[in-house]
Student: 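Here it is, the structure, as structure tokens.
All chains are named by letter (A, B, ...) in the order of the sequence lines, taking the proteins before the strands, and each is independently numbered beginning at 1. No hydrogens, no waters, no symmetry mates; every other heavy atom, side chains included, goes into these values. This one's a predicted model, so the numbers in the text were calculated from it and none came from an experiment.
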Amino acid sequence: MWKEYYHAPGMYDFDYSLRRLSMDPLIRTNMKERYVDVPVRLENDRAVVRVKAEGDIEKPVFSVMSDHNEEQDVIFEHIRNIFQWDKDLNDIHQFFQQTELSMLFHQYQGTPIVRDFNLYDSLMKVIIHQQLNMKFAYTLSTRFVQTFGEEEDGSWFYPTPEKVASLEYDYLRNLQFSQRKAEYVIDTSRLIVDGELDLQKLSKLPNDEVLKTLGKIRGIGPWTVQNWLLFALGRDDLFPAADIGIQNALKKWWQLDEKPSKKDIEKKSMEWSPFRSYAALTLWRSIEG
DNA sequence: AACCAGGGAAGAT
DNA sequence: ATCTTCCATGGT
């Protein structure tokens, strides 16, 4: 068992992040004790890591602990990247003070981008969640993981690309996937196993190159690429204009009768570049619960 | 019952 | 290039 502490440079609302993480039934969170258990895939091994809030929004301190004693540095580095503790959210807050979203950022301070735990898992989840209402979306992804993935210490690991590539479409249809969705999930996994798609390599490329590569794959459109860039890679400047949640939030924020058009959204959101992701997160947050 | 859901492919202009 | 229509289900 090891335990390490870390201080973030600016404000950081970890309790909000926990609330978001707790929306996913596959992720074990505890709001009262303020921790989340993060499943970590290693080279040929797995670890479950507990990340716990020890401070508050103004003075964020975190503890990271695990009883997996090998590759401790790799694990800690991975956790730091997921939660992006080194990004100074005071700078983001400062930036939005000169925009029309200043009030919103004042109300919801220190909203971080918490990345999905794994590049491949994230892509599968985004494909599965396309167009579905949140409740059914989580039902589907939970069934998918609990049927084909693996559990360890109460935490669920997504199935590997190899495992998913070996499935028949009917296995997913039985879980109430549509035929299309079953094809998207399995075929994309097969591309990865065959070496035709390398997510690690993609993660080092600029957004437009990722869009060019991922967008060619059947079942992956602009919304899915944008969400993957935002949540898997944690990129700062994504604004999913096609997203219903974003549209609803802007409708409310701009006091419109109808949802604003994709084009209007894209144009206006340019004022929030290069930190559009934070605008998106904060807008989502403004219409939650 | 009708319409929507944190879309995308395929077909039609 | 841009616009419809269809895909499949569960939720409200």
Student: What's the CD-P distance between A/E183 and C/dT9, to the nearest Å?
Tutor: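 Atom CD in A/E183 sits about 13 Å away from atom P in C/dT9.
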Student: Given side chains that start at C-beta, do those of A/P112 and A/F14 come closer than 4.5 Å, heavy atoms only?
Tutor: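 Of all side-chain heavy-atom pairs linking A/F14 with A/P112, none is under 4.5 Å.
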Student: For the residue pair A/Y16 and A/E288, confirm or rule out a side-chain donor-acceptor distance under 3.5 Å.
Tutor: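 Judged by distance alone, the side chains do pair up.
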Student: Same cluster for A/I79 and A/V114 if Ile/Leu/Val/Met/Phe/Trp/Tyr side chains link at under 4.5 Å?
Tutor: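 Same hydrophobic cluster.
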Student: Just checking A/P240: base, sugar-phosphate only, or nothing, at a heavy-atom cut-off of under 4.0 Å?
Tutor: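 Answer is nothing: A/P240 stays at 4.0 Å or more from every strand.
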Student: Under 3.5 Å, side chain of A/W2 to main-chain N/O of A/E70, donor-acceptor pair present?
Tutor: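 Answer holds: no.
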Student: Where do N or O atoms of nucleotides 10-13 of chain B meet protein N or O atoms at under 3.5 Å, pair by pair?
Tutor:
residue, atom, partner, partner atom, Å
B/dA10, OP1, A/R218, NE, 3.2

Student: Take the protein atom CZ of A/R173 and the nucleotide atom P of C/dA8, then report the distance between them rounded to whole Å.
Tutor: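 Checked: the CZ to P distance equals 7 Å.
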Student: If I take atom CG in residue A/N248 and atom P in nucleotide C/dT12, what distance separates them, rounded to the nearest angstrom?
Tutor: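 That distance rounds to 15 Å.
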Student: Measure CG/A/D187 against P/B/dA9 and give the value in whole Å, please.
Tutor: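 For the pair A/D187 CG and B/dA9 P, the rounded distance is 12 Å.
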Student: Under 4.0 Å between a Lys/Arg side-chain N and an Asp/Glu carboxylate O for A/E100 and A/K268?
Tutor: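 A salt bridge links A/E100 with A/K268.
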Student: Looking at A/R180 and A/E183, is any side-chain nitrogen of the basic one under 4.0 Å from a carboxylate oxygen of the acidic one?
Tutor: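 Looking at A/E183 and A/R180, the cut-off is not met.
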Student: Which whole number of Å gives the distance between the P atom of B/dA1 and that of C/dA8?
Tutor: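 23 Å, rounded to whole Å.
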Student: Please check if any side-chain donor atom of A/E54 sits under 3.5 Å from a side-chain acceptor atom of A/S63, or the reverse.
Tutor: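 Side-chain D/A pair, A/E54 to A/S63: present.
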Student: Could you give the CD-to-P distance, from A/Q247 to B/dG7, as a whole number of Å?
Tutor: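 After rounding, the reported distance stands at 8 Å.
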Student: So, is A/K263 near the phosphate of C/dT2, with a side-chain N or O under 4.0 Å from OP1 or OP2?
Tutor: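 Looking at the OP1 and OP2 atoms of C/dT2, neither is under 4.0 Å from any side-chain N or O of A/K263.
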Student: Taking the side chain from A/T29 and the backbone from A/V36, do they hold a donor-acceptor pair closer than 3.5 Å?
Tutor: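 Side chain of A/T29 to backbone of A/V36: no pair is present.
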Student: At under 4.0 Å between heavy atoms, what does A/I217 touch on the DNA or RNA strands: base, sugar-phosphate, or nothing?
Tutor: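 The answer is sugar-phosphate, as A/I217 gets under 4.0 Å only of primed atoms, P, OP1 or OP2.
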Student: Scan the side chains in residues 134-141 of chain A for donor-acceptor partners under 3.5 Å anywhere in the protein, sequence neighbours excluded, and list what turns up.
Tutor:
residue, atom, partner, partner atom, Å
A/T139, OG1, A/K135, O, 2.9
A/S141, OG, A/H129, NE2, 3.1
A/S141, OG, A/A137, O, 3.2
A/S141, OG, A/Y138, O, 3.4

Student: Output the rounded distance in Å from CD (A/Q226) to P (B/dG8).
Tutor: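 The distance from CD of A/Q226 to P of B/dG8 comes to 9 Å, rounded to the nearest Å.
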Student: Check each residue of residues 110-143 of chain A for a non-hydrogen atom within less than 4.0 Å of any atom in DNA chain C, then write out the ones that pass by number, or none.
Tutor: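 The stretch gives A/Q131, A/N133, A/F136 as the residues lying under 4.0 Å from the strand, ordered by number.
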Student: In whole angstroms, how far is the C1' atom of B/dA5 from the CH2 atom of A/W223?
Tutor: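 Nearest whole value for this atom pair: 10 Å.
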Student: Which comes earlier along DNA chain B counting from the 5' end, the contact point of A/I220 or that of A/G245, where each point is its nearest nucleotide?
Tutor: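 Nearest nucleotide further toward 5': that of A/G245.
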Student: Provide, to the nearest angstrom, the distance between the NZ atom belonging to A/K251 and the C1' atom belonging to B/dC4.
Tutor: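 About 12 Å, once rounded to whole Å.
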